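Encoded as C-alpha cells, here's the structure I'll be asking about.
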Amino acid sequence: MVDATTRFFEDLDRRGYEPLLAKTSGTLRIDLHEGAQTWHWLLRIDHGRLNVSQEDQEADTVIGASPVLFDDIASGREHGLAALLRGDMTVLGDARLVVQVERIFPGSPDARGPRRRFAGEVH
C-alpha cells in the first residue's frame, strides 16, 4: 500500500510543473522522523518546474515531522501551517518557502472552494 505522502510527491514529480509556484525557486527537504529512522523527500523548485527525489542533501528549507503527521498533511486531513504553529513540525532555513509551497497541498476533504476543487484533479 502506498501512503498519501508517497502519492503526493510522485504526483508532483509526474506533473513536472506547478503554475502556483511559477514565481518560486528553491529547495525544500522534508525529513520524516520515526524513532531512529528518517525518510527524506527533496523538492527542487525552479520557477514552477519541479523535481522530486528521496535524497538527503542540503536544502534552503528543511521541514521535520512525523510520517503520520505529514501523511495527514499530504492527504488534506491536516493543515501544514497550523501544525507548524502548534509546534508539531519544525522548519530550518527559509520559512517563506514553506508558505509558498503550502499552496500546493490539498485542502480538507470537507472544505469548499478552490483548494478542494483542484485537489482531486489529475495534472
Side-chain angles (χ1 to χ4, degrees):
M1 183 168 98
V2 177
D3 61 14
T5 298
T6 301
R7 279 192 308 273
F8 175 77
F9 284 114
E10 286 177 349
D11 179 56
L12 287 182
D13 198 43
R14 272 191 302 274
R15 271 191 255 173
Y17 180 76
E18 173 53 62
L20 290 173
L21 299 177
K23 295 181 180 181
T24 302
S25 291
T27 53
L28 176 70
R29 190 180 78 222
I30 293 91
D31 293 346
L32 303 178
H33 309 286
E34 186 171 55
Q37 181 78 31
T38 301
W39 295 270
H40 306 282
W41 289 96
L42 184 65
L43 177 59
R44 292 180 182 94
I45 308 163
D46 181 14
H47 295 94
R49 287 183 298 282
L50 306 174
N51 177 270
V52 178
S53 66
Q54 289 189 274
E55 299 174 77
D56 180 12
Q57 293 191 354
E58 291 293 318
D60 300 318
T61 306
V62 178
I63 293 175
S66 74
V68 171
L69 173 61
F70 202 83
D71 207 55
D72 285 346
I73 293 168
S75 66
R77 293 186 301 264
E78 177 65 71
H79 190 272
L81 292 179
L84 179 63
L85 292 172
R86 283 194 313 269
D88 293 340
M89 281 189 343
T90 61
V91 173
L92 298 172
D94 186 358
R96 293 174 300 178
L97 191 56
V98 174
V99 174
Q100 293 167 333
V101 170
E102 188 274 334
R103 297 181 293 172
I104 66 172
F105 282 85
S108 168
D110 300 326
R112 290 189 166 83
R115 288 190 80 192
R116 182 69 240 143
R117 183 172 31 134
F118 294 121
E121 290 183 8
V122 177
H123 299 278

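Residue indices begin at 1 and follow the sequence shown. From a predicted model like this one, the values you see are computed outputs, not experimental measurements. Only heavy atoms go into these numbers, but all of them, side chains included; no hydrogens, no water, no symmetry mates.
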Exercise for the section: Report the distance from atom OG of S66 to atom NE2 of H33, rounding to the nearest 0.5 Å. Expected result: 10.0 Å
Practice task
Enter the distance from L81:CG to R103:CZ here, rounded to the nearest 0.5 Å.
Solution key: 11.5 Å
Problem - Hydrophobic cluster identity match, V68 and M89, side-chain contacts under 4.5 Å - result: no
Handout entry: Main-chain N/O of S25 paired with D46 side-chain donor or acceptor, under 3.5 Å
Key = no
Problem - Evaluation steps, side chain to side chain contact (heavy atoms under 4.5 Å, CB included), between W41 and D31 - result: CA-CA 7 Å; W41 289 96; D31 293 346; over 6 Å; no
Practice task
Could you pull out the closest heavy-atom pair between I104 and E18, with the gap in Å?
Solution key: CG2-CG, 3.4 Å
Exercise for the section: Report the relative orientation of the aromatic rings in F8 and F70; use parallel for angles under 30°, tilted for 30 to 60°, perpendicular for over 60°. Expected result: perpendicular
Handout entry: D60/R29 ion pair, N-O < 4.0 Å
Key = no
Problem - Side-chain ion pair, R86 and E78, N-O less than 4.0 Å - result: yes
Handout entry: Value rounded to 0.5 Å, distance of CG in L42 from CD in E55
Key = 6.0 Å
Handout entry: Atom pair NE2/OH of H47 and Y17 - distance to nearest 0.5 Å
Key = 10.0 Å
Fill in the blank from the handout: D88 and L69 have their tightest heavy-atom pair at O-CD2, 3.5 Å
Problem - CG on L32 to CD1 on I30, rounded to 0.5 Å - result: 7.5 Å
Exercise for the section: Test R7 against D3 for salt bridge (Lys or Arg N to Asp or Glu O under 4.0 Å), laying out the working first. Expected result: CA-CA 6 Å; R7 279 192 308 273; D3 61 14; over 6 Å; no
Practice task
Write down the atom of A83, the atom of I73, and the distance for their closest heavy-atom approach.
Solution key: CB-CD1, 4.5 Å
Handout entry: Approximate separation, where rounding is to 0.5 Å, of T24 OG1 and I45 CD1
Key = 6.5 Å
Problem - Side-chain donor-acceptor pair present, Q57, H40, cut-off under 3.5 Å - result: no
Exercise for the section: Decide yes or no for H79 and F105: does some side-chain heavy atom of the first lie under 4.5 Å from some side-chain heavy atom of the second? Expected result: no
Problem - Side-chain (D72) to main-chain (R77) donor-acceptor, under 3.5 angstrom - result: no
Handout entry: Heavy-atom side-chain proximity of V98 to T61 below 4.5 angstrom
Key = yes
Practice task
Identify which one of L28, L43, I63 satisfies the side chain to side chain contact (heavy atoms under 4.5 Å, CB included) criterion when paired with L97.
Solution key: L28
Practice task
Carefully, step by step, assess L84 and V91 under the rule side chain to side chain contact (heavy atoms under 4.5 Å, CB included).
Solution key: CA-CA 8 Å; L84 179 63; V91 173; 3.5 Å; yes
Exercise for the section: State, to 0.1 Å, how close P106 and S75 come at their nearest heavy-atom pair, and which atoms those are. Expected result: CG-C, 3.9 Å
